Amino acid sequence: MRVSQLFGATLRAVPADELFSHQLLLRAGFLQQLASGIFSLLPLGARSQERIRGILRAELEAIGGQEIAMPVIQPGDLWQRSGRWQKVDQTLVRFQDRRGRDMVVAMTHEEVVADLAAAQVSSYRDLPRIVFQIQTKFRDEPRPRAGLIRTREFWMKDSYSLDRDLEGLRRAYRAHFEAYFKIAARAGLPVAAVLSDVGMMGGRMAHEFMYLSEEGEDTLLLCPRCGYAANQEVAERRLDDPDPEAELELEEVETPGTTTAAEVARLLGVGTQRVVKTVGYIAETQRGVPGRLVLALVAGDREVNLARLRQATGAVELRPATEQELAAAGAVAGYMSPRGLDPAAVTVVADLDLGRRRNLVAGANRAGWHVRNFNLARDSQVDQEVALSATVGGDPCPSCGAELELRRGIEYGNIFQLGTDYSLALGAEFTDEGGHQQPVVMGSYGIGLGRLLACVAEEHHDERGLALPISIAPYQVALVQVGTDPEVVAQAEVLHRELGGAGIEVLYDDRDVSAGVKFADADLRGMPLRLTVSKRTLQERSLELKRRQGEARLIPLEGALEQVGAELRLLWDELDAFVAQQMSPVAALAERTFGPGA
RNA sequence: CGGGAAGUAGCUCAGUCAGGUUAGAGUGCACGGUUCGGGACCGUGAGGUCGGCGGUUCGAAUCCGCCCUUCCCGACCA
């Protein structure tokens with residue numbers, strides 16, 4: 001490709017408040033924004049995405065995946081049958097076709113896969129299968145942000161496993177688990193797998209694959225000793241030993257003007273962790289249906305983990321209760337607790353910590369009053385005890401007790417064990433050996449191509465521009481001809497032709513602009529290798545070879561093709577070594593996560 | 001959805017507080033010339049519904065109202 005012909009120029013100036021790696025993608029001419037969270041890919045961006053697609057295809061096929069193509073526009077009826085028509089908010093774009101039939105723009109494809117399976121799978125002999133596709137999704141996100149990190153329209157590799165039982169599902173899940181490390185490594189990314197919330201997907205087990213970065217929007221807890229890793233939404237911690245002390249008699253105590261746990265603790269001279277913090281939420285289990293009051297109880301020094309609360313209550317929508325809603329149930333804001341409330345009117349969810357502590361301080365549901373010697377089981381209605389408070393950095397690891405580290409991460413992929421919810425709802429059943437109808441057991445696995453590219457740009461750049469791994473770069477070689485001296489041009493043309501003939505993909509800067517411009521553009525676009533031809537190099541019957549972030553050296557024209565090929569092979573070898581290094585702990589990690597076997 | 005900021009040339013931005021000839025710069029683009037290994041320099045030129053609608057005024061990029069769009073923080077979310 002000749003730079004003089006390229007669609008999409010480099011830019012000098014882009015908005016200053018964007019993520020730096022995203023600025024580079026914009027400046028290098030990889031993409032252009034059309035609307036909030038909606039981007040076009042220019043030729044360079046499209047080629048990089050094509051590289052990613054290649055890696056995805058190869059690794060999905062390596063675990064037995066078969067590529068399919070499903071519709072973006074789907075009948076709303078399918079989503080009504082799965083129940084997600086009601087569960088998902090406006091993130092799901094709906095419209096009616098000319099005949100007034102409800103339609104949706106696909107945000108994911110579990111329904112369609114289940115519908116396909118209903119027709120295509122009839123016997124246990126038709127299982128297991130893994131199908132995948134690579135196409136765009138649309139999710140009308142409330143707030144797109146950070147370039148390609150959170151967009152509304154995005155390319156996704158989504159695969160789905162179909163199995164006869166949980167054993168099969170675990171195998172497919174584990175295969176994806178290992179493949180996802182490989183995919184990231186081949187793109188030059190180190191990643192971590194963390195336990196995650198199942199969210200709108202439903203189902204049982206889920207992992208997210210994270211590129212660790214301070215720019216990430218997810219909060220993770222990682223154990224440096226045993227490797228425990230979880231999204232904060234589901235992270236647990238080792239609980240304190242139960243208090244040995246005996247339960248004392250409950251007593252009311254006047255605490256005027258103390259409406260926060262910290263104030264009460266100070267006034268009564270106890271630690272904030274010995275005060276029960278009660279937070280009221282309204283939990284809607286179906287959109288549009290009036291919700292129920294839920295009281296969340298955590299220690300005074302802790303925050304409520306909303307994902308956990310949502311899970312515990314089965315809520316699709318969770319919002320703080322207003323003072324009026326609290327008062328209607330008899331709860332007094334600022335002095336609130338479950339004491340004296342109608343058990344039929346509220347659901348009480350308490351953190352596991354609280355049941356292990358004795359003689360705490362809690363609200364009295366009476367303005368200006370608290371109670372001492374509050375003991376959860378004795379003194380309160382408790383509907384559920386779960387790990388309700390958010391785990392934070394420094395908390396003890398749930399599996400080994402070491403101090404957890406808090407990190408930020410960008411989620412480039414996730415895997416879900418769905419189970420049989422969709423199969424049952426959409427009639428995906430097969431006949432087993434005994435002639436019995438069984439629901440297909442499903443798994444769902446996604447990777448965001450744009451996010452992966454954004455992560456690669458974030459990991460591989462410097463002040464001058466992108467510095468892409470050879471597996472992701474749109475071209476392997478940037479060829480620069482310095483000046484327009486006929487001899488130089490002729491030699492550059494020869495090289496361009498010969499490299500192309502050797503199957504090497506070259507971006508040839510044939511423009512009549514100053515050398516500085518060409519070098520700056522080459523650095524910005526980030527191809528792994530740069531070749532320079534100039535009068536100076538030709539005087540020595542040579543050309544210059546330089547890695548994007550390496551030193552330049554002269555190589556003789558004679559045999560230059562072989563040298564370039566060797567340098568490219570070296571780059572691939574180094575990437576292979578990186579992949580091997582990234583993969584070396586994965587088998588053991590999978591063993592620890594899923595147990596022995598394959 | 002709550003809070004904040006912004007919308008002026010292809011791009012990045014001044015000008016708006018304090019209304020007043022023909023609305024500016026840098027960059028990009030076109031043409032000419034000088035350069036020619038790190039975004040070189042000189043000259044000429046093209047390029048604008050000042051986000052939209054309405055209002056105030058003799059006069060609005062500038063003041064007022066409504067709306068749209070974009071970005072940031074939060075809520076939410078994969």
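Proteins come first, then strands; the chains are lettered A, B, ... in the order of their sequence lines, and each starts at number 1. Quantities reported herein were computed from a predicted structural model and do not represent experimental measurements.
Separating the P atom of B:rC11 from that of B:rG52 is a span of 15 Å, rounded to the nearest Å. Rounded to whole Å, the separation between the P atoms of B:rU62 and B:rU57 comes to 16 Å. Between B:rG2 and B:rU49, the two C1' atoms lie 34 Å apart (nearest whole Å). Taking atom C1' in both B:rC64 and B:rG28, the straight-line distance is 37 Å, to the nearest Å. When the C1' atom is used for both B:rC31 and B:rG47, the distance is 15 Å, rounded to whole Å. B:rG10 and B:rA30 are spaced 15 Å apart, taking the P atom of each and rounding to whole Å. B:rA60 and B:rC77: their P atoms are spaced 49 Å apart (whole Å). Taking the C1' atoms as reference points, B:rG59 lies 41 Å from B:rC73, given to the whole Å.
Ring geometry for A:Y445 against A:H176 counts as parallel: the plane angle stays under 30°, on a 0 to 90° scale with 60° as the upper cut. Aromatic ring pairs are classed by plane angle as parallel below 30°, tilted from 30° to 60° and perpendicular above 60°; the pair A:Y173 and A:H207 is tilted.
The two residues A:L524 and A:R27 have their closest heavy-atom pair at CD2-O, 3.6 Å. Looking at every heavy atom in both residues, A:M442 comes nearest to A:Y422 through SD-CB, 4.0 Å. Scanning all heavy atoms of the two residues, the minimum distance from A:A454 to A:S21 falls at O-OG, 4.2 Å. Of all heavy-atom pairs between A:S196 and A:V234, the closest is C-CG1, 3.6 Å.
A:E215 and A:S213 share no side-chain donor-acceptor pair at under 3.5 Å. For the residue pair A:S4 and A:D510, a side-chain donor N or O sits within less than 3.5 Å of a side-chain acceptor on the partner.
Under the Watson-Crick or G-U wobble criterion, with both distances below 3.5 Å, B:rC17 has no partner in any strand shown. Base pairing of B:rG65 is made with B:rC53, judged by Watson-Crick or G-U wobble geometry with both donor-acceptor distances under 3.5 Å. The partner of B:rA9 cannot be assigned: no Watson-Crick or G-U wobble pair with both contacts below 3.5 Å exists in any strand. Remark: B:rG59 base-pairs with no nucleotide in the shown strands. Criterion, Watson-Crick or G-U wobble with two distances under 3.5 Å. When Watson-Crick and G-U wobble pairs are counted only if both distances are under 3.5 Å, B:rC71 pairs with B:rG4. Shown here, B:rC76 forms no base pair; nothing in the strands shown gives a Watson-Crick or G-U wobble contact with both key distances under 3.5 Å. Using N1 to N3 plus N6-O4 or O6-N4 for Watson-Crick, or N1-O2 and O6-N3 for G-U wobble, each under 3.5 Å, B:rG38 pairs with nothing. Across all strands shown, B:rG43 forms a Watson-Crick or G-U wobble pair with B:rC31, both key distances being under 3.5 Å.
For A:V14 and A:T91, each mapped to the nucleotide of RNA chain B holding its nearest heavy atom, the one lying further toward the 5' end belongs to A:V14.
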Q.
Within the 4.0 Å limit for protein heavy atoms, which parts of nucleotides 29-45 of chain B are touched? Write it as a string from 5' to 3', B for base, S for sugar-phosphate only, - for none.
A. --------BBBS-----
Q | Per-nucleotide protein contact string for nucleotides 3-8 of chain B (B base, S sugar-phosphate only, - none; heavy atom under 4.0 Å) | A | ------
Q) Where along nucleotides 68-76 of chain B does protein come under 4.0 Å, by heavy atom, of base (B) or sugar-phosphate alone (S), with - for untouched nucleotides? A) --SSBBBBB
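Looking at A:R143 and A:E217, no side-chain N of the basic residue comes within less than 4.0 Å of a carboxylate O on the acidic one, giving no salt bridge. Using a 4.0 Å cut-off between charged side-chain N and carboxylate O, A:E493 and A:R2 make a salt bridge. One finds a salt bridge joining A:E567 and A:R547 here, because a Lys/Arg side-chain nitrogen approaches an Asp/Glu carboxylate oxygen to under 4.0 Å.
Note: A:H22 and A:F39 meet the aromatic proximity criterion, with ring centroids under 6.0 Å apart. Residues A:F20 and A:H461 place their aromatic rings such that the two centres sit under 6.0 Å apart.
Protein atom CZ of A:F138 is 15 Å distant from nucleotide atom C1' of B:rA78, rounded to whole Å. Put simply, CD on A:Q32 is 8 Å from P on B:rC11, counting in whole angstrom units. If you measure from atom CG of A:N414 to atom P of B:rC77, you get 15 Å, rounded to the nearest angstrom. What separates CG of A:L42 from P of B:rC11 is a distance of 14 Å, to the nearest Å.
Non-hydrogen atoms lying under 4.0 Å from RNA chain B are contributed by A:R451, all within residues 447-459 of chain A.
In terms of the side chain to side chain contact (heavy atoms under 4.5 Å, CB included) criterion, residue partners of A:A552 (sequence neighbours excluded) are, by chain and number, A:E544, A:K546.
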Donor-acceptor pairs under 3.5 angstrom involving side-chain atoms of residues 484-491 of chain A: please list them, not counting sequence neighbours.
residue, atom, partner, partner atom, Å
A:D485, OD1, A:E487, N, 3.0
A:D485, OD1, A:V488, N, 3.3

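Between A:S444 and the choices A:D158, A:I415, A:V113, A:L418, the side chain to side chain contact (heavy atoms under 4.5 Å, CB included) rule is met once, by A:L418.
Residue A:F154 is classed as a base contact, given a heavy-atom separation below 4.0 Å to a base.
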